[in-house]
Amino acid sequence: MVSNAMLASQLDTSDEWITTRTGISQRHVVDPGTSTSDLAVEAGRRAIDNADVETIDYVVLATTTPDRICPATAPEVASRLGLGHVPAFDISAVCSGFLYGVQMARALISGNLARAVMVIGAESFSTLLDPCDRTTRPIFGDGAGAVIFRAGRSDECGALLAVNLHSDGALADLIAVDGGGARARSAGRHDPAYIRMRGRSTFIQAIKHMEEVTLRTLDEVGWKVDEVDHLVGHQANQRILLSLAKHLGLPEEAAVINIREVGNTAAASIPLALDYGVRTGRIARGHKIVMPAFGAGATWGAAVLTWPDLKRAEA
Ligand code: ACO
């Protein structure tokens with residue numbers, strides 16, 4: 001765990017700046033040598049323990065920080081989870097990655113190609129942070145969360161009712177890691193693989209797109225905004241989440257916010273926030289949940305579901 005005070009002792013920043021601008025008090029960072037697959041396996045194992053499924057047919061891993069450039073990390077995760085020779089692949093959609101994974105699960109199940117799909121969001125995001133960059137290092141943290149989707153009926157608790165996804169590559173430069181990519185290497189450059197972010201512009205785009213896609217997704221399933229129990233959005237910034245709730249006409253209390261404890265964990269952010277909402281007793285069976293995200297790419301989207309009956313997780 002890295003506190004704001006620890007960062008303030010190393011960078012030109014302060015607990016006051018980080019807390020008021022982002023809502024973050026601490027973030028978790030992997031131990032030396034620990035990587036994304038280690039976090040993903042742990043999250044996947046806990047999801048299997050809580051799920052009511054016999055077998056898992058696919059593993060989808062959303063991550064910005066795969067263990068290696070090649071191969072994908074998902075096959076190793078599936079193997080270490082003892083899932084045999086199931087198809088397993090990575091998705092790279094940064095902070096929207098979990099929602100992209102959710103859409104894959106929905107497509108595979110509704111297309112009768114799978115009965116159960118594990119979607120994991122896992123990040124060792126600290127490995128992309130320039131230790132000297134005060135504009136990114138306080139923001140991001142490491143973590144993993146996993147959800148298992150299974151075939152079912154749209155009227156049962158736990159139904160995933162709609163997912164909408166978007167991208168705009170014209171905004172690719174808002175948040176990027178150039179070093180290590182093929183364009184840099186083919187030009188003979190060996191820049192460090194550190195993330196850079198145009199925070200203010202991202203902030204504006206994030207609220208605009210998440211508001212629009214959230215309203216459209218709610219409309220698609222016929223839910224009025226005031227029927228929503230929880231806004232479990234990508235935890236990029238507490239101000240973004242509260243501003244989004246306000247723009248949507250939701251009370252602040254509807255926003256499930258755990259960014260204070262974990263920072264922005266990119267693809268792991270929404271599943272970690274869901275887990276936090278359940279563990280703190282806020283999210284319960286049948287609750288109506290909307291999950292918007294915006295991230296690098298640019299990519300964004302929203303998903304709506306009702307919360308399932310997870311007896312062990314709620315115990
Ligand atoms: N400590 C102290 N001062 C700082 C720090 C810091 N850690 N970082 C920046 N500053 C300074 C800046 O230099 C600037 O100083 P200046 O006014 O003298 O130029 C001032 O603080 C304001 O900087 P801004 O970047 O304008 O601050 P802002 O209020 O916009 O907050 C933040 C920055 C937190 C990054 C915010 O813009 C944000 O959350 N953006 C959206 C991030 C997001 O949604 N990302 C998408 C998902 S992430 C992904 O996909 C990987």
Side-chain angles (χ1 to χ4, degrees), residues 2-27 36 62-66 91-101 121-143 165-169 171-178 193-211 213-214 233-244 247 255 257 259-260 262-270 272-273 291-302:
V2 177
S3 68
N4 289 352
M6 288 156 86
L7 285 178
S9 70
Q10 297 165 20
L11 293 166
D12 180 16
T13 190
S14 64
D15 175 45
E16 201 262 335
W17 191 97
I18 301 170
T19 308
T20 52
R21 297 285 179 132
T22 69
I24 301 168
S25 292
Q26 61 177 53
R27 68 290 294 144
T36 300
T63 186
T64 321
T65 50
I91 287 188
S92 176
V94 198
C95 298
S96 310
F98 179 72
L99 292 185
Y100 272 67
E123 302 281 12
S124 310
F125 217 90
S126 57
T127 60
L128 293 180
L129 301 177
D130 178 347
C132 303
D133 184 358
R134 71 173 183 172
T135 69
T136 53
R137 209 171 141 213
I139 311 279
F140 295 98
D142 301 339
L165 301 177
H166 297 280
S167 76
D168 181 358
L171 298 175
D173 223 35
L174 275 183
I175 308 164
V177 180
D178 299 312
Y194 290 145
I195 194 154
R196 57 180 168 78
M197 176 165 75
R198 283 166 39 205
R200 181 69 54 93
S201 311
T202 307
F203 193 102
I204 294 163
Q205 293 286 343
I207 294 177
K208 181 178 92 172
H209 286 302
M210 285 198 289
E211 180 187 358
V213 74
T214 300
H234 166 53
Q235 311 279 309
N237 186 320
Q238 179 165 292
R239 287 187 295 141
I240 292 181
L241 289 164
L242 294 179
S243 173
L244 179 62
H247 277 76
I257 299 179
I259 193 170
R260 187 174 178 280
V262 296
N264 177 345
T265 57
S269 160
I270 289 180
L272 278 177
M291 308 185 295
F294 180 90
T299 55
W300 66 96

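Every number for a ligand or one of its atoms is a count from 1 in the order of the listing. The structure displayed is predicted, hence computed values, not measured ones.
Remark: T135 engages D133 in a side-chain contact (heavy atoms from CB on, under 4.5 Å) (not counting sequence neighbours). Residues passing the side chain to side chain donor-acceptor pair (under 3.5 Å) test with T214, sequence neighbours excluded: none. Not a single salt bridge (Lys or Arg N to Asp or Glu O under 4.0 Å) links R260 to another residue, sequence neighbours left out.
With hydrogens and angles left out, the side-chain atoms of S124 and T65 include no donor and acceptor closer than 3.5 Å.
Between D178 atom CG and I195 atom CD1 the span is 10.0 Å, to the nearest 0.5 Å.
Remark: of the listed residues D142, N4, N264, T265, N4 is the sole one forming a side-chain hydrogen bond (donor to acceptor under 3.5 Å, both in side chains) with R27.
Protein residues are said to neighbour a ligand when one of their heavy atoms lies under 4.0 Å from it; for ligand 1 these are D12, T13, W17, R21, T22, V94, C95, F125, R134, T135, P138, I139, F140, I175, M197, G199, R200, T202, F203, H234, A236, N237, R239, I240, N264, F294, G295, A296.
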